[in-house]
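Working notes, structure below.
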Amino acid sequence: MTQSYQITLLPGDGIGPEIMAVAVDILKVVGKQQDLTFEFNEALIGGAAIEAVGDPLPKQTLDACRQSDAVLLAAIGGYKWDTLPRHLRPETGLLGLRAGLELFANLRPAQILPQLIDASSLKPEVVEGVDIMVVRELTGGVYFGQPKGVFSTETGEQRGVNTMAYTVAEIDRIGRVAFETAQKRGGKLCSVDKANVLEVSQLWRDRITDLSSEYPDVELSHLYVDNTAMQLVRWPKQFDTIVTSNLFGDILSDIAAMLTGSIGMLPSASLGADGPGVFEPVHGSAPDIAGQDKANPLAQVLSVAMMLRYGLDQPTAADKIESAVLTLLEQGYRTGDIQSPGTKVLGCQAIGETLIQNLNQG
Ligand code: IPM
Ligand code: MG
């Protein structure tokens, strides 16, 4: 029987629409092959939504997302909106979407593909075989803690405030996702905090340690975030699964991404306890190359694979997409961000067409 899914598409800003177009074509082809039908509903977010309706996350968009089986997001943001008041910034739309759908668990894999070892800025022997999953807490911590804002002190001086806070329940639920993720991977979990300085981190460390008794098959370690940043570029192969708070995860996932050569390759999945997940590339909207057919659509395409695997429970369809990407790299095709001597640079659209050929031949 044909399985049918409602997918909300949020192309957003910059290169978003170009990479989304490629991803949707791929999804349609795989759908035909696997007897899945997709009903697409496009909605506004970020700068595009600010331009159209003056709100980076219109209520209509959040409602549409809630009613769908999964949400595929491209990228938001651009110089044009960087100086607007915070409630009107594209980023506020994205944070509102994460909070509105209660997507507390953000999975960011960083895997070195053998074909791209030369694209990494690190030595091949350092990055070869790297396969890390960063589990980032996404709806708490300093991104959302109260109080926040810019306030006047008694002397009339302005004072900016954000609050890094986690409740036990928030730590436990991300901790469980992380332990379960590690169980399905290499069985090693590294919890990252700043417990030598921050109380909130001490609570984090204590809870993760307590939880570990329920997962005796997972080997747990703890590292401070500054040391983790160093270890990630020194010897990344020591890591399997990393669990950390919102801000630390934001930073560490960019470092992990760069090990692979380009942030243009990395997908992510944001999941809640139930309800639809949001699947999006880790990279941003790259306004400098928008509209020039230069963008790398592979992170977006791999986000489709994550959507099929983690959001829709269609692992075979996900495998097909991932193997079409590997074949394309094997064939020597690259976008500008991952080119190396001897490879052939293609535009965003041509990468999509080649992927479709690979899918049809695979
Ligand atoms: C990310 C981005 C976002 C974040 C921005 C765009 C709000 O950097 O998804 O990593 O900080 O979470
Ligand atoms: Mg980030």
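When a ligand or atom number is given, it counts from 1 through the structure's own listing order.
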Query raised in the report: Of the backbone atoms (N, CA, C, O) and the side-chain heavy atoms from C-beta on, which set of Arg108 has a member under 4.0 Å from an atom of ligand 1: side chain, backbone, both, or neither?
Result: side chain
Report task. Assess the side chains of Thr327 and Asn358: does a donor N or O sit below 3.5 Å from an acceptor N or O? Result -> no
Requested in this report: Could you find the nearest protein heavy atom to atom 4 (C) of ligand 1 and give me its residue, atom name and distance?
Outcome: Tyr143 OH, 3.5 Å
Query - Aromatic Tyr143 / basic Arg136 pairing, under 6.0 angstrom, 45° off normal - result: yes
Requested in this report: Distance to 0.1 Å, residue and atom name: give those for the protein heavy atom nearest to atom 2 (C) of ligand 1.
Outcome: Asp250 OD1, 4.0 Å
Report task. Answer yes or no: are there more than 12 heavy-atom neighbours, outside Gln202 itself, under 6.0 Å from its atom CD? Result -> yes
Report task. Answer yes or no as to whether an N/O/S atom of Asp254 is found below 2.8 Å from the Mg ion (ligand 2). Result -> no
Requested in this report: Would you indicate whether Glu199, at its atom CD, is surrounded by more than 12 heavy atoms from other residues, nucleotides or ligands within a distance under 6.0 Å?
Outcome: no
Query raised in the report: Does atom CG of Asp35 have more than 12 heavy-atom neighbours, drawn from other residues, nucleotides or ligands, at distances under 6.0 Å?
Result: yes
Query raised in the report: Of all the atoms in ligand 1, which lie at a distance below 4.0 Å from a heavy atom belonging to Arg136?
Result: 1 (C), 4 (C), 9 (O), 10 (O), 11 (O), 12 (O)
Query - ligand 1 contact by Glu280, heavy-atom criterion under 4.0 angstrom - result: no
Query raised in the report: Hey, which atoms in ligand 1 end up nearer than 4.0 Å to a heavy atom of Glu91?
Result: 6 (C), 7 (C)
Query raised in the report: Looking only at side chains, do Gln67 and Asp63 share a donor and an acceptor under 3.5 Å apart?
Result: no
Query raised in the report: For the Mg ion (ligand 2), which N, O or S atom of Asp250 is at the shortest distance?
Result: OD1
